[in-house]
Amino acid sequence: MEVTGEAGVPESGEIRTLKPCLLRRNYSREQHGVAASCLEDLRSKACDILAIDKSLTPVTLVLAEDGTIVDDDDYFLCLPSNTKFVALANNEKWAYNNSDGGTAWISQESFDVDETDSGAGLKWKNVARQLKEDLSSIILLSEEDLQMLVDAPCSDLAQELHQSCATVQRLQHTLQQVLDQREEVRQSKQLLQLYLQALEKEGSLLSKQEESKAAFGEEADAVDTGISRETSSDVALASHILTALREKPAPELSLSSQNLELVTKEDPKALAVALNWDIKKTETVQEACERELALRLQQMQSLHSLRSISSSKASRPGDLQNPKRARQDPT
């Protein structure tokens, strides 16, 4: 789906990858297809195509499905092709557009509410389409999405991806390997935590640690009480994200990259109240989510760089020439 070409003013010898995107204004159903090499390029084209007055700049780009603000070029490159964006001018606020019955911009919450077989089938097909557009998006998928593709009937998934059953079986095997790797990382972290907990209980430091923990508990209770007075758990995270944070060991491995970004941007105090945790534990989980997100984005960037290098080598003139034909006859 991606094409290579020049956009903006590229440096000498640099190959820019154009990402196809869909743009619309807030409260509008009319969409425009554009190709952009970076966020700044997309903002510029949004102003021109959507006729946004220069006095209403700066323009903020958000994901049409849930209003996530996209302000990082690396994250933009990780998004699949034909991602839908809403351009917000000046102080506009994103609003979910449901005027078409919800078929054009399907929110994540609609998937959480709909637990029927048809809803589950629709969800894995949407994930399959995302995978079809960019195979490297495997890195960004949550464990739930990966498991859905592994459990999907091979024939149905092959039809959705327009691939043979043998190819899809290899793909499902690869997806299972990704799940196994995340589980191994989770178990390693759990073992490390158990080891550290065992060390804390040894030696003469036990009594001092218990006293410090008791003092910290009183301070945390006072902090939590203050927080509950100042905020009413005003957290915008979906229920399935909060459940994963509470119940999953190493929850950063279970969440998709989009959900990881939402967790890192959440106010620690409000999130602590929503999870009934102390501030220190909440900040630790947010830091783990931030590290996991950075790792996935780095992997995606590496894949895109390798793809650009491969495209550059494949397009060089003379690479396809037969070296035997280039050799002159000595006679």
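Excluded from the calculations below are hydrogen atoms, water molecules and symmetry mates; all remaining heavy atoms, backbone and side chain alike, are included. For the single chain, residues carry numbers from 1 onward in sequence order.
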- Please walk me through it: do Glu287 and Arg291 pass side chain to side chain contact (heavy atoms under 4.5 Å, CB included)? CA-CA 6 Å; Glu287 290 172 359; Arg291 288 194 299 269; 3.9 Å; yes
- Query: Hey, are Glu252 and Arg296 close enough for a salt bridge, meaning a charged N less than 4.0 Å from a carboxylate O?
  - Reply: no
- Item | Leu61/Leu23 under side chain to side chain contact (heavy atoms under 4.5 Å, CB included): CA gap, chis, key distance, verdict | CA-CA 9 Å; Leu61 296 174; Leu23 278 173; 4.2 Å; yes
- Item | For Gln159, all residues meeting side chain to side chain donor-acceptor pair (under 3.5 Å), sequence neighbours excluded | none
- Query: Out of Leu293, Asp73, Leu140, which residue meets the side chain to side chain contact (heavy atoms under 4.5 Å, CB included) rule with Cys78?
  - Reply: Leu140
- Tyr75 and Leu22: same hydrophobic cluster, using ILVMFWY side-chain contacts below 4.5 Å? no
- Task: Please answer whether the main-chain N or O of Asp278 pairs with a side-chain N or O of Thr282 as donor and acceptor at a distance below 3.5 Å.
- Result: yes
- Query: Is the shortest heavy-atom distance from the side chain of Leu88 to the side chain of Val86 under 4.5 Å?
  - Reply: yes
- Kindly compute the distance separating CD (Gln286) from CG (Leu245), expressed to the nearest 0.5 Å. 9.0 Å
- Message: In the structure I gave you, are the side-chain heavy atoms of Val185 and Arg182 within less than 4.5 Å of one another anywhere?
- Response: no
- Query: Above 12 or not: heavy atoms from other molecules or residues under 6.0 Å from CD of Glu183?
  - Reply: yes
- What are the two closest non-hydrogen atoms of Ala35 and Asp41, and how far apart are they? O-OD2, 4.2 Å
- side chain to side chain contact (heavy atoms under 4.5 Å, CB included) partners of Cys165, counting only residues at least two apart: Cys154, Ala158
- Minimum-distance pair of heavy atoms, taken over all atoms of Leu157 and Gln172: CD2-NE2, 3.8 Å
- Are Leu295 and Leu297 in one and the same hydrophobic cluster, where Ile, Leu, Val, Met, Phe, Trp and Tyr link if side-chain heavy atoms are under 4.5 Å apart? no
- Mind checking the CZ-CG spacing from Phe85 to Leu42? Nearest 0.5 Å is all I need. 6.0 Å
- For Arg186 and Ser254, test the side chains for any donor-to-acceptor distance below 3.5 angstrom and give the result as yes or no. yes
- Message: Assess, by modelled atom type and distance only, whether the side chains of Glu143 and Gln147 contain a donor and an acceptor separated by less than 3.5 Å.
- Response: no
- How would you list, by chain and number, every residue that makes a side chain to side chain contact (heavy atoms under 4.5 Å, CB included) with Ser256, sequence neighbours excluded? Ser142, Gln258, Asn259
- Residue set satisfying side chain to side chain contact (heavy atoms under 4.5 Å, CB included) with Ala244, at least two apart, ordered chain then number -> Lys248, Leu255
- Does a salt bridge link Lys45 with Glu40, judged by any charged N lying under 4.0 Å from a carboxylate O? no
- So, does Lys19 use its side chain to make a donor-acceptor pair with the main chain of Pro80 at under 3.5 Å? no
- Item | Leu271 side, atom CG; Leu242 side, atom CG - distance, nearest 0.5 Å | 7.0 Å
- Item | Under 3.5 Å: donor-acceptor pair, side chain of Thr83, backbone of Leu79 | no
- Please name the pair of heavy atoms, one in Ala87 and one in Arg25, separated by the smallest distance, quoted to 0.1 Å. O-NE, 3.7 Å
- Note on the structure: Lys265 meets the salt bridge (charged side-chain N to carboxylate O under 4.0 Å, His left out) criterion, sequence neighbours left out, with Glu261
- Note on the structure: Closest non-hydrogen contact found for Thr167 with Ser164 is OG1-OG, 2.9 Å
- For the residue pair Arg246 and Ala274, what are the closest heavy atoms and their distance? NH2-O, 2.9 Å
- Flag yes if more than 12 heavy atoms outside Ile49 fall under 6.0 Å of its CD1 atom; otherwise flag no. yes
- Task: Flag the pair Met148 / Lys123 as yes when at least one side-chain heavy-atom distance between them is below 4.5 Å, and no otherwise.
- Result: yes
- Item | side chain to side chain contact (heavy atoms under 4.5 Å, CB included) partners of Asp180, counting only residues at least two apart | Gln176
- Query: Out of Leu175, Thr174, Val127, which one pairs with Leu146 under the side chain to side chain contact (heavy atoms under 4.5 Å, CB included) rule?
  - Reply: Leu175
- Separation between CG of Leu253 and CD of Gln181, rounded to the nearest 0.5 Å: 11.5 Å
- Task: Let me see the working for Val285 and Trp277 under side chain to side chain contact (heavy atoms under 4.5 Å, CB included), right down to the final yes or no.
- Result: CA-CA 11 Å; Val285 170; Trp277 288 352; 3.6 Å; yes
- Item | Closest approach of Ser37 to Leu77 (non-hydrogen atoms, all atoms of both residues) | O-CD2, 4.1 Å
- Check: Thr68 and Val62 side chains under 4.5 Å, non-hydrogen atoms: no
- Message: With rounding to the nearest 0.5 angstrom, report the CD to CG distance, Glu160 to Leu149.
- Response: 10.5 Å
- Message: So that I can tick it off, tell me whether Glu65 and Lys84 are bridged by a salt bridge, with the cut-off set at under 4.0 angstrom between side-chain N and carboxylate O.
- Response: no
- Nearest 0.5 Å please: distance from the CG atom of Leu192 over to the CD atom of Gln187. 13.5 Å
- Query: Quick one: does Leu196's side chain get under 4.5 Å of Leu194's, heavy atoms only?
  - Reply: no
